[in-house]
Structure formats: C-alpha cells, structure tokens
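Read through the structure below, which is laid out as structure tokens, and then see the notes.
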Protein chains: 2
Amino acid sequence: MSTNQIFIVDDDDAIRDALGWLFRSRGHVARLWSSAEALIAGGEIGRCGCLLLDIRMDGMSGLELFEWLRENGHDIPVIFLTGHGDVPMAVAALKKGAFDFVEKPFNDNELVDRALAALDIHHQRSSRQAAAREVDERLAQLTSRELEVMERVLAGQMNKVIAMDLGVTMRTVEVHRARIFDKMGVRSAVELAQLLTARTPKPD
Amino acid sequence: MSTNQIFIVDDDDAIRDALGWLFRSRGHVARLWSSAEALIAGGEIGRCGCLLLDIRMDGMSGLELFEWLRENGHDIPVIFLTGHGDVPMAVAALKKGAFDFVEKPFNDNELVDRALAALDIHHQRSSRQAAAREVDERLAQLTSRELEVMERVLAGQMNKVIAMDLGVTMRTVEVHRARIFDKMGVRSAVELAQLLTARTPKPD
DNA sequence: ATCGCGGTTGCGGATATCCACAATGTCCTT
DNA sequence: AAGGACATTGTGGATATCCGCAACCGCGAT
C-alpha cells in the first residue's frame, strides 16, 4: 500500500540521507524532502503513512508544517526530530497531537520501531476515516426532506408521529424512509443508527 | 462538586506546601499527600479531579503510581512534576496518557492554567463515564439469553430470523425483546443501537 | 416440598411497517 | 415546451411488531 511510505523532512543533508538509508535498508519505502515547503509543493502528502519531521529548519519550521497539515485536514502521525529540543517543546508538540518526539542523535532501532508504530495507527485511522467519508458521501445524497425524516427516525419516532410532525401523510414518510435506507445503504433503522452514531467524531 | 479537588503528591515538604498555597489562594480545593502510598492508602482518589504528581519520590515513584491508577480504573488526568526530567521521560509519560508534564521550577500561573485545563477534561470524561457505567449496569441485568437476542436485534435481524436462529418461537423472542428494552431503559431498537454504539470504548 | 426466576409457548387482536402499482403537482433546467 | 428531480398521496395487501392474558417446565434456594 502506498500509504506505507515514510516521509522524511530534514534540511540537514547528512541526517536526511542517513534516515533514508536507515529505513530503506530495512525494506521500507522512504521519501526525502529537504524543506517543509518542498513537501507541501510536492502535493503528495496524501500518500504518506507517517512523517518524520525535523523541528528546526530554515524557512517553515517543523512545528509550522505540522500545524499546516492539521489545518488542511491531514492527520497523519508525525514524529518530530530535534537536536536541541527541551521538555516544554516536546510536551507542547505531543499535546498538539504529534505522535512522537525524538531527540537527535537517535537510536536507529528505536526510531524505526516508533515509525512503524506510527504507521500502525495511521492504518487504523485511515480505515476509520474512509468509512466516515463514505457515510458523509451518502448523507450528502439525501434531500433536505429526507434529512428531516431521518432525524426523526433516529429519534425513535414512529412513522405516524413523523407524519403528523411534518404535516404529511404516513405514506409519504414511508417513501422517504425507504429512500433513506436505500441511499444510506442500510436495511433497517438499527443499522442506520449504528452507522451514524459510530460516525460521531470522537471526543476526549 | 467534590471532583473539583486537586490532589497533590510530592515528598518535598516545601514544594508541596507551596503548591497547596498556590491553588488554595486562588480559591481551589487542594489536598496534599507526601507519598504515593499515602494517596493510595487514603482511598479517596475517586474524589480527585486532577492529580499533580511528582515523579521522583522515595518509595513508589510518580510513574509507578500513575500506572497503578490506570490499572485500577482511575483515568483522572495527571500532571507530572519533575525537577530533573528529560525529553524521553516526558514523551513516555504523555504517550502513556499523562495529561501534562511540567518541569520545576514552574511558573505559577501556567501551572494553575494547566491544572484547570485538566479539571476541564476530567469533567468531560466523568460525565461520559457515568453514562457508560449506567449502561454497563443495565447490561449486567440482562440474562444470557437476553444478551443473545439483543446481539441479533442489533445485527438488524427480524424476530422471525432470530427465532429460527435460536430454535425458539417468535413469541419467545418478542418477550425477550420487550424485557431487553425494559431493562435497558429504551423504547425502540434504534435507541438501543445508539446507546450501545456510543458506549464503544474510543479507539485512537 | 414449596417458591421464585428464567425460559418457553399459545392465542388473539391492535398497530406498525414494507411495498408494488399508479398518479399529481411544483420547480428548475434545457 | 419538454424533461427531470423532488415531494406528495392513494389503494390494498403482505409482513412484522407489540402486548395482555395464561400457562408449563426446570432449577436452585429456603
């Protein structure tokens, strides 16, 4: 899968090459970028499974790139690399949602392990996101009237009540209901409820 | 609410007192403990809203106490305090689920802010947990047979199918179904689905 | 042995849901 | 004006669900 790719962004040629060699020598696909700007310009972020990101770089910093990614809907796991990091910086990065924070010089095996762990959670996330997108697409196909009906179906209201509520006939509600099930790809109100309740963005 | 209490565990008398004074002077309820063992022995952890925890202590360390808490079902937010922390330690603590990691000496205002943030998320969690517990209690009231039926109801199966599946009459399934709804405090399969789908422990 | 709980079933009726077939009217686009 | 998407309604029948009333059975506890 292309999303197994490990993207590496570091403006230090030596370190970048060392990282590339490290991962490739172990059979992983690594792609190298010498600056945050280059990565963004490349437009291939979507194909990245996890990102090893140097914090201190000329131009856009690693933290700035990280924030840019989050603002643009990429929530791939990011492992920050830093030669001169301190505790507050690490804490801030992790609290903002970074996956990990590693100091240079790093232990090769440990870094690889962490990157693989990042890939793991990336896969978990991406499958859930794919499902969520799928649901959203289906929801988008519903007409406004159908949404009104669906809302009430999910509230557990009977067709009779919904009909009264919307000022239409039961028959009309039945038709909407059938269309909703059809468009949403479910075969019962229970499945619909599960689909939409699970879809809810996780709090915490 | 008693869960607004801030528990402070530090074996350094001076720091502990300073922390207590800091929070109390700002109108918060702070309770002090001089060791991890004392906190556990006190048996009042449940009343704590967030926990400020020194990492380096004689006897049980802060990290050990943290793990003990997690293993014993307390997922209150913990802010680690440390005088000699390093980046890997901070990263490890946060990845294990600590809420924050602060170095001594700390900035008073900042620490208070972070503690209040911790209280915030504690309240969010606790209300969700209360709901989850409530559901679990109701689930526990179901007989094994009712669980079997419920499982199939949630799978969207019709009574007819469930009956065949379990080798019983439709009437029997109807009875179970009614009891399930009654015990779970819902009035339709849709509500049941929402209740149990939402209950699912958050991944990520 | 008597009692309670849980699982089971039957009967019969009131409701509710699902659906095929058919049709009308509105609004908007081509 | 023709075509299409959408909301709406009707008829009528097949299914499915919901429930009160009544009852039987096995098992463990008193």
Side-chain angles (χ1 to χ4, degrees), chain A residues 131-200, chain B residues 131-200:
Chain A
R133 256 199 311 283
E134 150 101 43
V135 171
D136 285 341
E137 281 169 20
R138 289 177 183 274
L139 277 178
Q141 293 183 343
L142 297 181
T143 68
S144 60
R145 198 52 159 172
E146 285 164 351
L147 285 174
E148 287 184 288
V149 174
M150 188 178 74
E151 192 184 327
R152 289 169 172 77
V153 168
L154 290 177
Q157 294 185 316
M158 290 184 303
N159 289 351
K160 183 206 294 185
V161 179
I162 298 174
M164 238 171 207
D165 203 355
L166 296 181
V168 297
T169 315
M170 263 185 46
R171 189 66 189 82
T172 305
V173 177
E174 288 173 16
V175 172
H176 283 317
R177 202 180 163 120
R179 282 205 226 291
I180 292 168
F181 288 174
D182 185 49
K183 288 183 180 176
M184 295 302 291
V186 299
R187 284 168 57 258
S188 71
V190 173
E191 286 183 42
L192 185 65
Q194 291 173 334
L195 204 62
L196 296 183
T197 307
R199 184 201 59 83
T200 303
Chain B
R133 256 199 310 284
E134 150 101 39
V135 172
D136 285 342
E137 281 169 20
R138 289 177 182 273
L139 276 179
Q141 294 184 342
L142 297 182
T143 67
S144 60
R145 198 53 159 173
E146 284 164 354
L147 286 174
E148 286 184 289
V149 174
M150 188 178 74
E151 190 184 326
R152 289 168 172 77
V153 168
L154 291 177
Q157 294 186 317
M158 288 186 305
N159 289 351
K160 184 206 295 186
V161 180
I162 298 174
M164 241 171 204
D165 203 354
L166 296 181
V168 296
T169 316
M170 263 184 48
R171 188 65 187 83
T172 305
V173 176
E174 288 172 16
V175 173
H176 283 318
R177 205 181 162 116
R179 282 205 225 293
I180 292 168
F181 288 174
D182 184 49
K183 289 183 179 176
M184 296 302 293
V186 299
R187 282 168 59 257
S188 71
V190 173
E191 285 182 43
L192 184 65
Q194 291 172 334
L195 204 62
L196 295 184
T197 307
R199 184 200 58 82
T200 303

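Excluded from the calculations below are hydrogen atoms, water molecules and symmetry mates; all remaining heavy atoms, backbone and side chain alike, are included. In what follows, chains are A, B, ... by sequence order, proteins preceding strands, each numbered from 1.
The CG atom of Leu192(B) sits 15 Å away from the P atom of dT17(D) (whole-angstrom rounding).
Annotation for Arg145(B) and Leu166(B): closest pair NH2-O, 3.5 Å, computed over non-hydrogen atoms. Summarising the geometry of Met170(B) relative to Lys160(B), their closest heavy-atom pair is CG-CA, 3.8 Å, with the distance given to 0.1 Å. Closest non-hydrogen pair, Arg138(A) versus Lys183(A), comes out as NH1-O, 3.1 Å.
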Inset, instruction - Take nucleotides 4-17 of chain C nucleotide by nucleotide from the 5' end and write B, S or -, depending on whether a protein heavy atom sits under 4.0 Å from the base, only from the sugar-phosphate, or from neither. - result: --SSBBBB----SB

Legend entry - Residues Thr197(A), Leu154(A); criterion side chain to side chain contact (heavy atoms under 4.5 Å, CB included); working and verdict: CA-CA 10 Å; Thr197(A) 307; Leu154(A) 290 177; over 6 Å; no

Inset, instruction - May I have the step-by-step check of side chain to side chain contact (heavy atoms under 4.5 Å, CB included) for Val186(B) and Gln194(B), ending in yes or no? - result: CA-CA 10 Å; Val186(B) 299; Gln194(B) 291 172 334; over 6 Å; no

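Interatomic distance, NE2 of His176(A) versus CG of Asn159(A), reported as 11.5 Å (0.5 Å rounding). Here Asp165(A) contributes atom CG and Arg152(A) contributes atom CZ; the two are 4.0 Å apart, rounded to the nearest 0.5 Å.
Under the 4.0 Å criterion applied to side-chain N and carboxylate O atoms, Arg177(B) and Glu174(B) are not assigned as salt-bridge partners.
An end-to-end axis angle of 40° holds for the helix from dA1(C)-dT30(D) to dT30(C)-dA1(D), taken from five base pairs per end and rounded to 10°.
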